[in-house]
Amino acid sequence: MDPAAIQAEVAAHITTPTAMAGMYLVQFVFILPVLLLVARFRTQPALDTLAVKAFPRKQLLPWIGVLLAFIALEVAAVQWFDIEPGQFMETLAGSKHLLLALIIVFAAPLLEELVFRGYLFRAWRHSRLGFSGTLLLTSILFALLHAGQYHWIQLSFIFVLALILGVAREKSGSVLLPMLLHLLNNLTSAVVVIYFGIL
């Protein structure tokens, strides 16, 4: 076969929901064990390093309220600015791809929160960066992780979401609260975009 034709076929396949699900799954399978390994210290188990612990239940409803307000503001901004969805969102729209939906709703929040609001937050929180610097740096890195998938206005909302998740992590002392909020945010997106095809 012609090398250009092969390259075009591979490029077309990479943008399918099945290929995206496969790539995310491979990342999850390889990164999670490494993260658990580097988070384990002689004097501190990995779950302590990653702040995997219970949080006060009374914090849940107010934070869900904050998340709902954020989602409403984001939807209004997307409609107001008439943002083009981009190839990533168009690929997801109406695909009804169950594996990809499950990865977006469960695997992505779990892994991303363990990295950003778990490991990195714990590593930098008591450094010279302090809370403000840690919050800003983890939020910037989180937004950059999603660069190329979304319009810059949507990236700015991802940055704001990261700020919300970082404050939730700080106030609760647990990575589980931001993980749950992240899951709910992604669940909303998955239902609206993947299943109903609304961009």
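Heavy-atom basis, side chains included; hydrogens, waters and symmetry copies ignored.
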Out of Met20, Gln149, His97, which residue meets the side-chain contact (heavy atoms from CB on, under 4.5 Å) rule with Thr91? Met20
Is any side-chain heavy atom of [Y] closer than 4.5 Å to one of [X]?
X: Ile104; Y: Ile194; result: yes
X: Leu144; Y: Phe159; result: no
X: Val38; Y: Thr49; result: no
X: Leu177; Y: Arg169; result: no
X: Val34; Y: Phe30; result: no
X: Phe157; Y: Leu73; result: yes
X: Phe116; Y: Leu145; result: yes

How close do [X] and [Y] get, heavy atom to heavy atom, and via which atoms?
X: Glu113; Y: Pro178; answer: OE1-CB, 3.5 Å
X: Phe70; Y: Leu161; answer: CZ-CB, 3.6 Å
X: Pro17; Y: Ser95; answer: CG-CB, 3.8 Å
X: Ala143; Y: Leu155; answer: O-CD2, 3.4 Å
X: Val105; Y: Ala190; answer: CG2-CB, 3.7 Å
X: Asn186; Y: Pro109; answer: ND2-CG, 3.6 Å

Show the numbers, then the answer: is there a side chain to side chain contact (heavy atoms under 4.5 Å, CB included) between Leu110 and Leu32? CA-CA 9 Å; Leu110 182 123; Leu32 186 60; 4.3 Å; yes
Measuring from [X]:[atom1] to [Y]:[atom2], what's the distance to the nearest 0.5 Å?
X: Leu92; Y: Tyr195; atom1: CG; atom2: OH; value: 11.5 Å
X: Ile153; Y: Ile158; atom1: CD1; atom2: CD1; value: 12.5 Å
X: Leu99; Y: Tyr24; atom1: CG; atom2: OH; value: 12.5 Å
X: Ile64; Y: Asn185; atom1: CD1; atom2: CG; value: 12.0 Å
X: Leu67; Y: Leu183; atom1: CG; atom2: CG; value: 10.5 Å
X: Arg40; Y: Leu35; atom1: CZ; atom2: CG; value: 13.5 Å

Kindly write out the residues that satisfy side chain to side chain contact (heavy atoms under 4.5 Å, CB included) with Pro62, not counting sequence neighbours, or none if the list is empty. none
Check whether Val160 and Trp152 end up in the same hydrophobic cluster, where Ile, Leu, Val, Met, Phe, Trp and Tyr are linked by side-chain heavy atoms less than 4.5 Å apart. yes
Is there a path from Trp80 to Val75 through hydrophobic residues (I, L, V, M, F, W, Y) whose side chains come within less than 4.5 Å of each other? yes
Cationic tip of Arg117 within the cone over Phe142's six-membered ring, i.e. under 6.0 Å and within 45° of the normal? yes
Mind running side chain to side chain contact (heavy atoms under 4.5 Å, CB included) on Leu114 and Val52 for me, showing each step along the way? CA-CA 8 Å; Leu114 288 176; Val52 178; 3.9 Å; yes
Do any pairs count as a side chain to side chain donor-acceptor pair (under 3.5 Å) and have a residue in residues 118-135, sequence neighbours left out, and if so which ones? Gln44-Arg122, Arg125-Glu170
